[in-house]
Enquirer: 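Provided herewith is a single structure, encoded as structure tokens, for subsequent inquiry.
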Amino acid sequence: MSLAERLKWAREAMGLRLQDVFRRTEIGISTLSDFENAVREPRVWQLKRLAELYHRPLSFFLEEGPIPHQPVICWRERPSSPQVEEIEAQFLQLAEQYHRLEVLCQERQTEVSLPDWDIPPHEMTYPLVQRLAQQFRSQSQLDSCPACELLWVLEEVYQVKVFHLPFEPTGTAACAWGESFGPAILLNARNVRWRRNFDLAHELFHLLTWKTFRGKLPQPGNKPSEQEERFATCFASNLLLPPELLQQTLEEEQRAGGFTIPAIYRIAQRFDVSMEAVIWQIRFLYRMSDDWASRCIQQCKYLKDFWENRASDSPPRLPRRYEALAQKALQQGLISIGVFAQYMDITRQEALIWAEHLAEAQASSLEEFSTGETNSSGCKCDHQIT
Amino acid sequence: MRRILLDANVIIKLHELGVWTEVLLHVQKRGWRLLVAETVVSEVDYFRTEEGHVPIDLTQDFQKELLDRFDMGAESLRKFRSGFDPLYAPELDPGETECLAFLVENPESTLLCTSDSAAFRTLGLLNRSENGISLEEFLQQIGLGRRLPYQYTEKFRVRYTHEGQRDFLQRRGFR
């Protein structure tokens, strides 16, 4: 595929018209049209503006041959167009950048990967999903508060790339499995932490059963069925609110004064999930009616402002490991300062300060080693191995 | 006539140091030319002072012909990049790539003044270490020498150029 064809393909993938591109890049419509029809060649500064708008690296437009297979993104509820194209492009760009940093820094760990539950869809049942949640929990050593550890375990142990972006509707999240970058999850930065925890576990189910429901070569646009979504919710509930632990906690609450709305709040706080999640899990464990659950949720809603005084947090937009890799790549001269700014989503001036600090730190550590002075432990630097 | 290509980081630093105008005049006195890539012009929007952010506007300098601007077509960039292994060669931003592509096409008496480790590394990889210059060395050559942070020093340039040269010798980073 030529540069002209790639420009047109990238614009259409973003759901943009030529006039939209003109508005956002100040490159004239007839010029843009000439680029896409191979009448005129873009200058580098023009190509840079277009690449930024389309969330593609410059290299994408300079490659020849067919465009690589685009990863499918599985949404719980797909936001409306053209917002969704923008979010999807940002999400995939971040995941590709993360992968690029791993390759450049030679830190792609593949020893531990997510379990691959290639179960035929017709064999998937709720008891099986519950067992799968239990299996994942014990395999991943998620103890008394699985929600408190899940993000760390997914990022650091299984190398799942988790990003937080703000978007509407807030009730949705997404996941993808790229041929290059592997499993990735997109959470909504506008949600409170306990809501994001549940979304993370929910999306994890889709990744664990990717082959079951998406097949080996997924086609774009395959939305999860209602049944699959219910399985994902069941998995998330059982992963974050393990039945045996929840029962034990409920018994303690009963002994302390009965099952009340404040008790639900305390349980939600202990497992770092929402009160709704606790109510639905109790409803399933104790075979209560949907009506009972709805009434409880209504009561909680009235009292939520009073009881819900947990401190949430603003999630980091970028994973800690991603940031560490970007700093390492900058320090080793594997990415330029401009690329660092783009990867970290900061200005060039901010990136320049980063670069100066990293270089200074490196210079001082080099000096420590080059002086050859030994400390009391015989180590040729100030840092002792403890 | 010597031509010095300035990258965005160096332009910002010279403004921060408050010596930008002085540099332009000293370079003119020596009969050298300063070149800025069109992509770089769009990358230098402000510099920081204790009072806050100050916008950088190079328009007057271009009008007074104290600076020259150039730009490259996408095809030149493709040609420049085609020799590198996209997986293992350092990843450069468009401004630096444009400067290096220009330098490869016009190597005679052209130097790239940068403080970017990836750019120095690429110069080493291209076996063109003699076409790179640190800000420290550049200021010294025009009579404005001063002590600078490590990133702008000759030591820094040598270190990363060597890294690139090592890759060049081991044939790493090429297709």
Side-chain angles (χ1 to χ4, degrees), chain A residues 2-4 6-7 35 40-52 57-64 97 99-101 103-104 106 180 329-343 347-364 366-367, chain B residues 7-9 12-13 16 37-48 53 56 71-82 84 86-98 101-102 114-122 124 149-153 155-156 159-161 163-164:
Chain A
S2 68
L3 166 62
R6 281 171 181 258
L7 282 169
F35 293 163
R40 209 191 306 186
E41 177 197 34
R43 311 306 292 173
V44 177
W45 65 271
Q46 291 169 318
L47 194 58
K48 183 194 173 203
R49 280 192 201 173
L50 294 170
E52 281 171 357
L58 205 71
S59 57
F60 170 83
F61 299 98
L62 303 173
E63 294 292 322
E64 283 166 343
Q97 286 175 180
H99 169 67
R100 178 90 183 108
L101 289 170
V103 171
L104 281 170
Q106 296 178 14
S180 57
L330 178 67
Q331 201 165 28
Q332 294 188 354
L334 300 169
I335 58 172
S336 71
I337 296 169
V339 172
F340 180 75
Q342 185 208 322
Y343 279 24
T347 65
R348 180 175 272 270
Q349 284 70 13
E350 287 166 333
L352 196 51
I353 294 169
W354 264 104
E356 283 184 17
H357 285 173
L358 288 171
E360 285 301 324
Q362 198 174 25
S364 54
L366 286 172
E367 272 168 27
Chain B
D7 89 346
N9 314 324
I12 294 168
K13 193 67 192 176
E16 260 178 37
E38 199 63 53
T39 317
V40 169
V41 176
S42 64
E43 286 170 350
V44 288
D45 39 10
Y46 70 89
F47 68 98
R48 295 157 76 106
H53 294 174
I56 295 176
D71 72 344
M72 310 279 286
E75 192 48 43
S76 301
L77 215 63
R78 188 209 302 272
K79 213 171 122 191
F80 170 72
R81 292 173 52 97
S82 63
F84 296 118
L87 280 183
Y88 297 101
E91 189 154 333
L92 301 164
D93 53 82
E96 249 132 22
T97 317
E98 194 170 24
F102 179 88
T114 177
S115 64
D116 205 311
S117 49
F120 286 132
R121 206 173 167 143
T122 308
Y150 177 60
Q151 202 198 337
Y152 304 92
T153 61
K155 218 169 163 181
F156 181 85
R159 185 201 144 118
Y160 285 100
T161 307
E163 301 252 347

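Just so you know, these numbers come straight off a predicted model, no measurement behind them. Values below: all heavy atoms of this structure, side chains included; hydrogens, waters and symmetry mates excluded.
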Enquirer: To the nearest 0.5 Å, how far apart are CD1 in A:Ile337 and CG in B:Asn9?
Expert: 4.0 Å
Enquirer: Against chain A, label B:Ala89 side chain, backbone, both or neither, depending on which of its atoms sit under 4.5 Å from a heavy atom there.
Expert: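 The backbone, not the side chain.
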Enquirer: Pick one of side chain, backbone, both or neither for B:Phe120, based on which atoms fall under 4.5 Å of a heavy atom in chain A.
Expert: neither
Enquirer: Is it the backbone or the side chain of A:Ile335 that comes under 4.5 Å from a heavy atom of chain B, or both, or neither?
Expert: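 It is both, since atoms from each part get that close.
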Enquirer: Can you give me the closest heavy-atom contact between A:Ser59 and B:Arg81, atom names plus distance?
Expert: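 Nearest heavy atoms, A:Ser59 then B:Arg81: CB-NH2, 2.8 Å.
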Enquirer: For residues B:Ala74 and A:Leu3, report the shortest heavy-atom separation together with the two atoms involved.
Expert: CB-CD2, 3.7 Å
Enquirer: I'd like to know if B:Glu43 and A:Lys48 make a salt bridge, using a cut-off of under 4.0 Å between side-chain N and carboxylate O.
Expert: yes
Enquirer: Quick one: closest heavy-atom pair of A:Gly333 and B:Ser117, and the distance?
Expert: CA-OG, 3.2 Å
Enquirer: Quick one: pull up CZ in B:Arg48 and CD in A:Glu350 and give me the separation to the nearest 0.5 Å.
Expert: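 Result: 6.5 Å between the selected atoms.
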Enquirer: Between A:Arg43 and chain B, which part of the residue has a heavy atom less than 4.5 Å away: side chain, backbone, both or neither?
Expert: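 Interface part for A:Arg43: both.
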Enquirer: Answer with side chain, backbone, both or neither: which region of B:Glu98 has an atom nearer than 4.5 Å to a non-hydrogen atom of chain A?
Expert: side chain
Enquirer: Establish, from distance only, whether the side-chain atoms of B:Asp45 and A:Gln349 form a donor-acceptor pair under 3.5 Å.
Expert: yes
Enquirer: Grab the two heavy atoms, one from B:Glu91 and one from A:Val339, that are nearest each other, plus how far apart they are.
Expert: O-CG2, 3.5 Å
Enquirer: Counting heavy-atom pairs closer than 4.5 Å to chain B, which one of A:Ala329, A:Pro57, A:Pro42, A:Ala51 comes out on top?
Expert: A:Pro42
Enquirer: Is it the backbone or the side chain of A:Phe35 that comes under 4.5 Å from a heavy atom of chain B, or both, or neither?
Expert: neither
Enquirer: Using non-hydrogen atoms only, which part of B:Ala119 is less than 4.5 Å away from chain A: side chain, backbone, both, or neither?
Expert: neither
Enquirer: Contact between A:Leu352 and B:Ile12 at the side-chain level, heavy atoms closer than 4.5 Å - yes or no?
Expert: yes
Enquirer: Between B:Ser76 and chain A, which part of the residue has a heavy atom less than 4.5 Å away: side chain, backbone, both or neither?
Expert: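 The backbone, not the side chain.
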Enquirer: Pick one of side chain, backbone, both or neither for B:Glu96, based on which atoms fall under 4.5 Å of a heavy atom in chain A.
Expert: side chain
Enquirer: Which is it for B:Leu77 and A:Leu62 under the side-chain contact (heavy atoms from CB on, under 4.5 Å) test, yes or no, and what are the steps along the way?
Expert: CA-CA 8 Å; B:Leu77 215 63; A:Leu62 303 173; 3.9 Å; yes
Enquirer: Mind checking the OH-CG spacing from B:Tyr160 to A:Leu334? Nearest 0.5 Å is all I need.
Expert: 9.0 Å
Enquirer: Tell me whether A:His357 at atom NE2 has more than 12 heavy atoms from other residues, nucleotides or ligands lying less than 6.0 Å away.
Expert: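 Count not over threshold, so no.
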Enquirer: Tell me the closest heavy-atom pair linking B:Tyr46 and A:Thr347, and the distance in Å.
Expert: OH-OG1, 3.3 Å
Enquirer: What part of A:Glu63 is in contact with chain B, defined as an atom under 4.5 angstrom from a non-hydrogen atom: side chain, backbone, both or neither?
Expert: both
Enquirer: Could you tell me which portion of A:Leu358 (side chain, backbone, both or neither) has an atom closer than 4.5 angstrom to a non-hydrogen atom of chain B?
Expert: neither
Enquirer: Distance only, no hydrogens: is a donor on one side chain within 3.5 Å (strictly under) of an acceptor on the other, for A:Glu356 and B:Tyr150?
Expert: no
Enquirer: Decide yes or no for B:Arg78 and A:Glu64: does some side-chain heavy atom of the first lie under 4.5 Å from some side-chain heavy atom of the second?
Expert: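 Yes, their side chains come closer than 4.5 Å.
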Enquirer: From the options B:Asp93, B:Thr122, B:Thr114, select the one residue that forms a side-chain hydrogen bond (donor to acceptor under 3.5 Å, both in side chains) with A:Ser336.
Expert: B:Asp93
Enquirer: First locate atom CD of A:Gln332, then atom CD of B:Glu163, and finally report the distance between them rounded to the nearest 0.5 Å.
Expert: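 The CD atom of A:Gln332 sits 7.5 Å away from the CD atom of B:Glu163.
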Enquirer: What part of A:Arg100 gets within 4.5 angstrom of chain B, counting heavy atoms only: side chain, backbone, both, or neither?
Expert: side chain
